[in-house]
Amino acid sequence: MKKDILSRHQKLSIHKTVLTWFTYNQKKLPWRSATPPDPYIVLLSEVMLQQTQTSRIAEKLPAFLEQFPTLEALAQATNKEIILAWQGMGYNNRALRLRDCAKTIVDHYYGIIPDDIDILRTLPGIGEYTSSAIASFAFSQNVPVVDVNIRRIFSRLLRKVANNHDMLSEKESWEIAGILLPKNHSNLWHQALMDIGSLFCTSRSPRCHDCPISSHCQSAFAVIDGEKTPKKEPTHRAIPHRIWRGKIIELLRQSNHHSENANYILHALFQENISTLDSDFLDYILKKLESNNLIELQTINNTIIVSLKE
DNA sequence: AAATCGTGGGC
DNA sequence: TGCCCAAGATT
């Protein structure tokens with residue numbers, strides 16, 4: 001990409017508009033309440049927010065923080081404790097990785113959350129986005145950050161898109177993020193862009209009329225919805241395994257502190273009016289959950305007993 | 001490196 | 001209703 005996508009003047013104008021908008025209109029979120037920011041809370045929230053709406057995490061974080069008030073407390077959580085506490089946040093493997101991340105920091109970094117982006121990147125459950133987000137939001141380092149909101153904003157801002165799926169590549173987005181990064185304002189800049197992305201520059205039906213940067217945007221008032229899928233035939237798509245996995249984990253959460261036998265699980269899931277679950281398939285799913293350290297299996301009197309892993 | 005990893009809400 | 005989407009990471 002060329003560096004002259006926007007003139008210096010245009011960049012400054014956008015920076016000022018976005019940062020000013022944020023000063024008066026930023027979302028109030030639990031992980032934004034501490035000044036200076038608490039790196040532990042930033043770490044928690046950023047992992048929780050992966051592929052998950054801010055509104056849900058805003059609800060869940062306070063109770064989680066009460067149960068695990070420190071990095072050390074989180075590091076000591078058992079699988080079962082962390083999975084129970086993770087209720088409603090999805091992608092249960094993330095919960096174990098978060099605990100493993102905390103444990104790694106306690107065991108190898110004196111319990112101090114690293115501020116080095118390359119070290120952060122090596123921790124369990126922390127990838128390119130989250131390492132950058134922590135460096136920027138917790139430690140105010142002037143690094144680029146790209147999430148789905150920022151990628152979508154850049155995609156639309158810089159050229160007129162064909163539809164709401166027309167996006168810059170991941171790589172291009174990071175390059176643009178580096179080029180558009182205002183000096184010394186990574187933190188506020190990227191949080192502002194994420195707010196604007198989630199409030200106005202949404203994937204479908206963007207609200208350009210209310211968007212603070214629509215006057216700078218090549219795609220303003222011009223984003224159209226993408227194809228509504230060729231819709232060939234009913235193509236009864238199979239239910240993804242993760243849906244069954246999620247139902248099983250949730251069932252075990254609800255039967256808190258008890259084990260369940262596999263036949264009961266089969267029966268319970270059947271009653272949810274879903275027909276494609278047979279015994280062998282359930283066994284397969286259970287073994288994968290076991291290998292993920294999410295559940296424990298034991299066979300007693302020829303029946304399989306299932307419980308959350310301790 | 002394309003697939004897989006939950007869950008809830010919007011339309 | 002069924003499909004899409006959401007502060008991505010891992011294998």
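Letters A, B, ... are given to chains in the order of the sequence lines, protein chains preceding strands, and every chain is numbered from 1.
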Problem set entry | Minimum side-chain heavy-atom gap A/Arg253-A/Trp86 below 4.5 Å | yes

For this session: Under 4.0 Å between any heavy atoms, over every strand shown, what does A/Trp86 touch: base, sugar-phosphate, or nothing? Just pick one.
Result: nothing

For this session: Pick the P atom in B/dT7 and in B/dA3, then give their distance to the nearest Å.
Result: 23 Å

For this session: State, to 0.1 Å, how close A/Leu308 and A/Lys80 come at their nearest heavy-atom pair, and which atoms those are.
Result: CB-CG, 4.0 Å

Exercise. Rounded to whole angstrom units, what separation is found between the CE atom of A/Met194 and the C1' atom of C/dA7?
Worked result: 5 Å

Exercise. Separation of A/Lys288 atom NZ from C/dT10 atom P, in whole Å?
Worked result: 17 Å

For this session: Write down the distance separating the C1' atoms in C/dA7 and B/dA2, rounded off to the nearest Å.
Result: 23 Å

For this session: Give, ordered by number, those residues of residues 148-155 of chain A having at least one heavy-atom distance below 4.0 Å to an atom of DNA chain B; if nothing qualifies, reply none.
Result: none

Exercise. C1' atom, B/dA1 versus C/dT10: distance in rounded Å?
Worked result: 11 Å

Problem set entry | Whole angstrom value for the distance that separates C1' of C/dA7 from NZ of A/Lys60 | 18 Å

For this session: Calculate the interatomic distance between A/Ile57 atom CD1 and C/dG8 atom P; express it in whole Å.
Result: 11 Å

Problem set entry | Separation between CD1 of A/Ile176 and CG of A/Leu157, rounded to the nearest 0.5 Å | 9.5 Å

For this session: For DNA chain C, determine which residues of residues 114-128 of chain A have any heavy atom closer than 4.0 angstrom to one of its atoms, and list them numerically.
Result: A/Arg121, A/Leu123, A/Pro124, A/Gly125, A/Ile126, A/Gly127, A/Glu128

For this session: Classify the side-chain pair A/Gln254/A/Glu250 by whether it contains a donor and acceptor separated by less than 3.5 Å.
Result: yes

Exercise. Got a second to check how far A/Ser140's OG is from A/His185's NE2, nearest 0.5 Å?
Worked result: 10.5 Å

Exercise. Which letters describe nucleotides 6-11 of chain B, given B = protein heavy atom under 4.0 Å from base, S = only from sugar-phosphate, - = neither?
Worked result: BBB---

For this session: Decide whether A/Gln191 and A/Arg32 meet the rule of one side-chain donor and one side-chain acceptor closer than 3.5 Å.
Result: yes

For this session: State, without any angle test, whether A/Arg156 and A/Asn164 hold a side-chain donor-acceptor pair at a distance under 3.5 Å.
Result: no

Seminar exercise, completed: dist A/Leu96:CG -> A/Ile83:CD1 (nearest 0.5 Å) comes out at 4.5 Å

For this session: Could you state the atom-to-atom distance from CG of A/Asn292 to C1' of B/dT4 in whole Å?
Result: 11 Å

Exercise. In terms of side-chain heavy atoms, does A/Asn92 have a donor or acceptor partner in A/Arg245 at a distance below 3.5 Å?
Worked result: no

For this session: Decide yes or no on side chain to side chain contact (heavy atoms under 4.5 Å, CB included) for A/Glu46 and A/Phe137, but give the supporting numbers first.
Result: CA-CA 10 Å; A/Glu46 289 304 333; A/Phe137 305 156; 3.4 Å; yes

Problem set entry | d(CG, A/Asp100; C1', B/dC5) in whole Å | 15 Å

For this session: Please check if any side-chain donor atom of A/His190 sits under 3.5 Å from a side-chain acceptor atom of A/Ser186, or the reverse.
Result: yes

Problem set entry | Nearest-Å distance for atom pair CD/C1', residues A/Glu46 and C/dA7 | 6 Å

For this session: Take atom CG of A/Asn164 and atom P of C/dC4, then tell me their distance rounded to the nearest Å.
Result: 11 Å

Problem set entry | Whole-angstrom distance between C/dT11 and B/dG6, as gauged at atom P | 14 Å

Exercise. When rounded to the nearest 0.5 angstrom, what is the spacing between OG1 in A/Thr17 and CD1 in A/Ile213?
Worked result: 8.5 Å

Exercise. Looking for any heavy atom pair under 4.0 Å, which part of the strands does A/Thr130 touch: base, sugar-phosphate only, or nothing?
Worked result: sugar-phosphate

